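Report on one structure; see the data block that follows.
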Number of protein chains: 2
Amino acid sequence: MKQSLTPLPSAARPPVRVVLVEDKPGVRDSWVKLINSLPGFSCIQSCTSGEDALRVIPPLNPDVVLMDIFLPRMSGIECTARLKLQLPKIQILILTAVEDDELVFMALEAGADGYLLKRTKPEDLKAAMLDVLGGGAPMTSEIARRVVESFRRAARQTKSTVHLTTREEEVLILLSKGYANKEIADQLSISAETVGSHLKHIYEKMHVRSRAEAVARYMTSRA
Amino acid sequence: MKQSLTPLPSAARPPVRVVLVEDKPGVRDSWVKLINSLPGFSCIQSCTSGEDALRVIPPLNPDVVLMDIFLPRMSGIECTARLKLQLPKIQILILTAVEDDELVFMALEAGADGYLLKRTKPEDLKAAMLDVLGGGAPMTSEIARRVVESFRRAARQTKSTVHLTTREEEVLILLSKGYANKEIADQLSISAETVGSHLKHIYEKMHVRSRAEAVARYMTSRA
DNA sequence: GCCTCTATCCCCCAAACACGGGATGCTCCG
DNA sequence: CGGAGCATCCCGTGTTTGGGGGATAGAGGC
């Protein structure tokens with residue numbers, strides 16, 4: 001992920017105020033040290049739990065929150081979602097050792113602004129924090145690729161359609177409006193049995209067993 | 001019309017073979033020069049149109065394609081989609097002056113692997129090409145952010161307009177997967193009658209008369 | 001304590017549906 | 001011409017559903 005403009009943190013301007021959320025004491029301490037060692041950055045607080053974070057972060061209103069995912073009781077994802085509710089403009093970077101697609105997506109959905117791996121090098125962490133402050137969405141190349149692919153998948157299923165005849169498609173459209181067979185029959189001026197027949201074929205082609213499933217499929221495959 | 005360029009005399013490993021697709025001669029020439037000036041990269045061909053690209057790129061099978069979006073007749077997006085059909089593994093970077101959300105998304109859906117702005121600095125272009133070859137999805141910070149936001153928008157919005165209880169929503173979700181009452185009952189470990197009961201309430205709240213209609217409503221209300 | 005909301009379970013019955021068989025035309029294509 | 005594909009109709013059987021009518025029990029607000 002590239003970053004563009006990045007105002008150099010000079011001694012003149014106040015440091016970027018960072019809060020860390022991480023439950024393991026050892027890890028927390030070393031991250032605090034690392035952050036404070038970055039010129040222009042100051043770790044003004046560290047939280048040991050999601051509850052703690054929700055309590056102390058809003059009044060502090062820091063520039064960036066570095067959030068671990070695995071926290072006791074409330075996950076970092078949950079915590080992210082809640083923080084974003086209160087402070088929509090706060091920048092939250094997920095910082096975790098685990099690179100799991102589901103977690104990444106859940107975190108992004110929850111409102112995380114970036115997703116970094118803990119093995120990220122100090123200079124990359126710094127770059128990522130500047131990036132996120134500049135409106136970027138920093139993440140590793142692999143994660144970016146997966147997000148894009150997921151994005152693509154979501155968009156593509158949109159088009160994957162089985163070949164239905166025009167009549168079948170008409171029936172399916174009316175089906176998806178919630179009409180009963182008889183109503184569909186009336187609207188198409190055919191008999192209810194014929195509608196049933198078309199339905200049978202539609203079910204076969206779409207590999208579904210009920211009108212509800214057919215509707216669901218039809219709707220997602222063209223959202 | 002196209003122009004062939006001699007590959008750079010390389011060091012140990014062969015240079016990255018790049019093909020440029022760009023219709024404007026002036027822009028094209030300067031990009032060719034730029035690419036060839038990057039150590040380890042060679043612009044082995046440049047195409048002036050999508051049709052041209054579809055003809056010459058498959059046999060060449062380059063490492064990276066740099067694609068302009070605005071091409072006469074066939075857009076760079078269309079061209080990207082077709083190239084990806086033939087050469088799924090080819091890496092295509094969209095390189096354009098215009099930073100339009102719709103275009104970005106269309107390009108990514110079409111299979112583009114990255115999206116760069118023309119004002120990208122030479123070293124960033126180089127980094128992006130290496131990134132994409134390494135499995136990344138290079139794009140500018142702002143674009144990454146928008147992709148993530150779009151991703152978020154698409155994924156979120158599980159909330160419906162009507163207030164359903166959590167149980168009701170669970171039932172509705174399973175309903176929209178096409179399950180029968182009994183199956184839903186099994187999955188929720190409740191009785192089929194209870195499912196029917198929830199369904200009745202859902203129908204009342206959503207003002208529908210059938211599961212198909214409920215599913216249709218549910219799906220559209222979160223598109 | 002009372003009341004509302006929620007979730008759970010139950011009964012009944014007419015109507016709708018799923019799904020297995022067909023059958024008849026009609027058109028298009030090789 | 002023969003066949004494939006489509007749309008239309010029919011029948012029969014067993015299952016599912018929608019829409020009535022309740023009842024009970026817990027949680028939470030007032």
Side-chain angles (χ1 to χ4, degrees), chain A residues 51 54-55 73-74 78 81-82 85-86 159-222, chain B residues 157-222:
Chain A
E51 296 84 346
L54 290 179
R55 202 163 40 239
R73 296 177 300 283
M74 178 189 302
E78 168 90 23
R82 297 204 186 189
L85 270 184
Q86 290 183 63
K159 291 150 199 159
S160 72
T161 323
V162 207
H163 172 63
L164 298 180
T165 68
T166 45
R167 206 47 157 177
E168 285 164 353
E169 207 171 341
E170 286 170 356
V171 171
L172 184 50
I173 289 170
L174 292 173
L175 195 70
S176 75
K177 295 197 192 298
Y179 292 113
N181 290 3
K182 169 121 192 42
E183 294 170 327
I184 296 174
D186 288 347
Q187 293 197 40
L188 296 180
S189 300
I190 58 180
S191 81
E193 286 80 12
T194 307
V195 174
S197 199
H198 288 310
L199 242 24
K200 279 191 289 197
H201 299 147
I202 292 171
Y203 294 162
E204 281 173 18
K205 290 184 180 176
M206 296 180 75
H207 308 290
V208 297
R209 248 146 284 103
S210 74
R211 49 183 51 221
E213 197 177 351
V215 168
R217 273 282 246 283
Y218 176 67
M219 304 292 280
T220 43
S221 82
R222 41 142 259 152
Chain B
Q157 287 179 336
T158 312
K159 307 153 199 157
S160 38
T161 3
V162 216
H163 171 63
L164 298 180
T165 68
T166 45
R167 206 48 156 181
E168 286 164 353
E169 206 172 342
E170 286 171 357
V171 171
L172 184 50
I173 289 170
L174 292 173
L175 196 69
S176 74
K177 295 195 192 301
Y179 293 113
N181 290 1
K182 171 122 191 43
E183 295 171 325
I184 296 174
D186 288 348
Q187 293 198 37
L188 296 179
S189 300
I190 59 180
S191 81
E193 286 79 12
T194 306
V195 174
S197 200
H198 288 308
L199 242 24
K200 280 192 286 198
H201 299 148
I202 292 172
Y203 294 162
E204 279 174 20
K205 289 183 182 177
M206 296 179 75
H207 309 290
V208 297
R209 248 145 290 107
S210 74
R211 48 184 53 222
E213 199 178 348
V215 168
R217 273 278 239 287
Y218 176 67
M219 306 293 281
T220 41
S221 85
R222 37 153 276 151

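Order of the sequence lines fixes the chain letters, A, B, ..., with proteins taken first and strands second; residue numbering starts at 1 for each chain. On a predicted model such as this, the values are computed, not experimentally measured, just so you know.
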Atom pair CE (A:Met206) and OH (A:Tyr218), whose distance is rounded to the nearest 0.5 Å: 9.0 Å
Side-chain donor or acceptor of B:Lys200 under 3.5 Å from a matching atom on the base of D:dG20? yes
Looking at A:Asn181, does any N or O in its side chain come under 4.0 Å of the phosphate oxygens OP1/OP2 on C:dC17? yes
To the nearest 0.5 angstrom, please state how far the CD1 atom of B:Ile184 sits from the OG1 atom of B:Thr194. 12.0 Å
Option among A:Arg209, A:Arg211, A:Glu213 that satisfies the side chain to side chain contact (heavy atoms under 4.5 Å, CB included) test with A:Tyr203: A:Arg211
CD of A:Glu183 versus C1' of D:dG18: gap in Å, rounded? 13 Å
Test log, rule side-chain contact (heavy atoms from CB on, under 4.5 Å), inputs A:Ile202 and A:Leu199: CA-CA 5 Å; A:Ile202 292 171; A:Leu199 242 24; 4.0 Å; yes
Show, in sequence, the C-alpha distance, side-chain angles and deciding distance for A:Lys205 and A:Thr165, and conclude whether the side-chain contact (heavy atoms from CB on, under 4.5 Å) test is met. CA-CA 11 Å; A:Lys205 290 184 180 176; A:Thr165 68; 3.9 Å; yes
Between NE2 of A:His207 and C1' of C:dC19 the distance, given in whole Å, is 17 Å
Whole-Å distance, B:Lys182 NZ to C:dC9 P, equals 12 Å
Any side-chain N or O of A:Tyr203 under 4.0 Å from OP1/OP2 of C:dA18? yes
Quickly work out the A:Glu193 CD to D:dG12 C1' distance and round it to whole Å. 12 Å
What's the separation between atom CD1 in A:Ile190 and atom NE2 in A:His198, rounded to the nearest 0.5 Å? 4.5 Å
Roughly how many Å is it from CD in B:Glu213 to P in C:dA16, rounded to a whole number? 15 Å
Dump every N/O contact between nucleotides 27-29 of chain C and the protein below 3.5 Å, one line per pair.
none

How far does CD of B:Glu168 sit from OG of B:Ser197, to the nearest 0.5 angstrom? 9.0 Å
Please state whether the phosphate of C:dC9, meaning OP1 or OP2, lies under 4.0 angstrom from any side-chain nitrogen or oxygen of B:Ser197. no
Collect all protein-nucleotide pairs involving nucleotides 5-7 of chain D in which both atoms are nitrogen or oxygen and the distance is under 3.5 Å.
unit_1, atom_1, unit_2, atom_2, d
D:dA7, OP1, A:Thr165, OG1, 3.3
D:dA7, OP1, A:Thr166, OG1, 3.4
D:dA7, OP1, A:Arg167, N, 3.2
D:dA7, OP2, A:Thr165, OG1, 2.3

May I have the distance from B:Arg211 (atom CZ) to D:dG19 (atom P), rounded to whole angstrom? 11 Å
Between C1' on C:dA7 and CG on B:Leu199, what's the gap in Å once rounded to a whole number? 15 Å
Are A:Arg167 and A:Leu188 close enough, and set up right, to give a side-chain contact (heavy atoms from CB on, under 4.5 Å), and what steps lead you there? CA-CA 9 Å; A:Arg167 206 47 157 177; A:Leu188 296 180; 4.0 Å; yes
Mind calculating the distance between CD1 (A:Ile184) and C1' (C:dA18) to the nearest angstrom? 14 Å
Straight-line distance of A:Gln187 CD to A:Glu170 CD, nearest 0.5 Å: 11.0 Å
Ignoring backbone atoms, test whether A:Arg209 places a side-chain nitrogen or oxygen under 4.0 Å from the OP1 or OP2 oxygen of C:dA18. no
